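Convention: sequence-line order gives letters A, B, ...; per-chain numbering from 1. Keep in mind that this is a model prediction, so the values were computed, not measured. We use all heavy atoms of the structure for the numbers below, so side chains are in, but hydrogens, waters and symmetry mates are not.
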Number of protein chains: 2
Amino acid sequence: MGFMAQSAPTADRILTVATDLFGRHGIAGTSLDDIAGTVGVAKQTLLYWYPSKDALIGKVLTATAVELLYAIDKPVRGAGDGFARVEATINSVFAAAVRRPSLLGLVRELNRLDTSTSDQLLDAMSSHIETAVAWLEGEMQAGRLRKADPRILLSLVYATVVGVATETEALRVVGWEPTVGNLRKLRREMIEFLRAALLP
Amino acid sequence: MGFMAQSAPTADRILTVATDLFGRHGIAGTSLDDIAGTVGVAKQTLLYWYPSKDALIGKVLTATAVELLYAIDKPVRGAGDGFARVEATINSVFAAAVRRPSLLGLVRELNRLDTSTSDQLLDAMSSHIETAVAWLEGEMQAGRLRKADPRILLSLVYATVVGVATETEALRVVGWEPTVGNLRKLRREMIEFLRAALLP
DNA sequence: ACCTTTCTCTACCAAATGGTAGAGGAGAGA
DNA sequence: TCTCTCCTCTACCATTTGGTAGAGAAAGGT
């Protein structure tokens, strides 16, 4: 992983580029020629590694899910009560989003897919969801988080983090620019925002 | 407006359907044939009213911006201090999103467009943005809202509202279903979430 | 009755798209 | 050296896409 040098296996380079382009321009807005051209390879090489566009899409989605779940898993099971654990998770997701902006952009493509395609992905996530919901409920009972519907709360936090990480236009329109310093400030403000929203 | 009966002018029906399909499947994922077929008209009829797909896209985007700004303008200039005005605005946007779910979905397409296309739209919104930012700053000074960077705060609220209103998959994965009662509950939880996030 | 404008249609077209068929190069094992 | 597998290529195809050309129905003004 990491830098994905030119010498990386062709299949991996294709997957990386496809993830990037799908996330930036949408799945429908990205042709196999676009991907092949960016990788620097013929379209048929691409079709050798992934027998159809649908197959490529499937691989990209599962690989993305795996990468994001990996980023989430550690902090979620880490130490800390109340908001500390939420903060660690958010930081991890945010770091992943900064490292590869297209990752979260791709997550939003799920809304575009027919439900049957995304159902398996959602299945893969459901156990994580239930764990998170149960934990939220416990923290609320213990008075460490504001009492609310834990499922809706989860969606709201998700929407806030993914939204602000992907909706670059919304940030551009308020005059924000993506420098390193501004990114740190954005993360700090987001944490404060969510801290206020979640603490009792 | 309102129900958009079959007898509405063809150009309007095309615009409505195009907004819907662009918002649901993305601009790149919607062909002129899709739109024409849904409207129940030949593709060339569509090209008579809008000379090219780009022209149609432009019309759809500006019409959407107008409709959303109209929904926002009243509550923004309404009475009430502190969170009351924010709440009225959010309710208005949320009502618009429920009435036409594709509206906000379309807003997210802006990220996909090349910057030059969206620049004019952002220009049209910039005065509203500045008004909102100035008001937020005033309320913070007066101690009626939590002190924070008003521009980033605006983006965070935007991301939360638009995200939760459009990211149906995120709600589906936590077992939420779009009934009337659940929609009311969702709005209530969202308001509470934002109230906690914004009040000092 | 006639003409003009408005609107929608059928019939095409060139480019792009996802995909197939199969040739050919490079390396490893015999 | 021969062959076998792995990998990438050129050449081609059917479908879809955005778009053009122009015919024809309907309606109003004269």
Problem - Polar side chain donor-acceptor pair, A:Asp123 to A:Ser126, under 3.5 angstrom - result: no
Problem - Ionic contact status for A:Arg108 with A:Glu167, cut-off 4.0 Å - result: yes
Atom-to-atom span, [atom1] of [X] to [atom2] of [N] - whole angstrom:
| X | N | atom1 | atom2 | result |
| --- | --- | --- | --- | --- |
| A:Tyr50 | D:dC7 | OH | C1' | 14 Å |
| B:Asp33 | D:dT17 | CG | P | 6 Å |
| B:Ile57 | D:dT17 | CD1 | C1' | 13 Å |
| A:Ile14 | D:dC7 | CD1 | P | 12 Å |
| B:Lys43 | C:dC12 | NZ | C1' | 10 Å |
| B:His25 | D:dT16 | NE2 | C1' | 17 Å |
| A:Leu32 | C:dA16 | CG | C1' | 12 Å |
| A:Leu46 | D:dC7 | CG | C1' | 14 Å |

Is the phosphate of [N], meaning OP1 or OP2, less than 4.0 Å from a side-chain N or O of [X]?
| X | N | result |
| --- | --- | --- |
| A:Trp49 | D:dT8 | yes |
| B:Ser52 | D:dG18 | no |
| B:Thr10 | C:dC7 | no |

Handout entry: Side-chain (A:Ser92) to main-chain (A:Ala88) donor-acceptor, under 3.5 angstrom
Key = no
Practice task
Check whether any side-chain N or O of B:Lys147 sits under 3.5 Å from a backbone N or O of B:Met140 as a donor-acceptor pair, and report yes or no.
Solution key: yes
Side chain of [X]: nearest nucleotide among [options]?
| X | options | result |
| --- | --- | --- |
| B:Tyr48 | C:dT6, D:dG19, C:dG19 | C:dT6 |
| B:Thr45 | C:dG19, D:dT8, C:dC9 | C:dC9 |
| A:Gln44 | C:dT8, D:dT10, C:dG18 | D:dT10 |
| B:Ser31 | D:dG18, D:dT8, D:dA11 | D:dG18 |

Exercise for the section: Considering non-hydrogen atoms only, spot the tightest contact between A:Leu15 and A:Lys59 and give its length. Expected result: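 Here A:Leu15 and A:Lys59 meet closest at CD1-CB, 3.9 Å.
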Practice task
Looking at every strand, decide which applies to A:Leu47 at a 4.0 Å heavy-atom threshold: base, sugar-phosphate, or nothing.
Solution key: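 It contacts base atoms.
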Handout entry: Presence of donor-acceptor pair under 3.5 Å, side chain of B:Lys53 and base of D:dG19
Key =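 Answer is no: no donor-acceptor pair is held.
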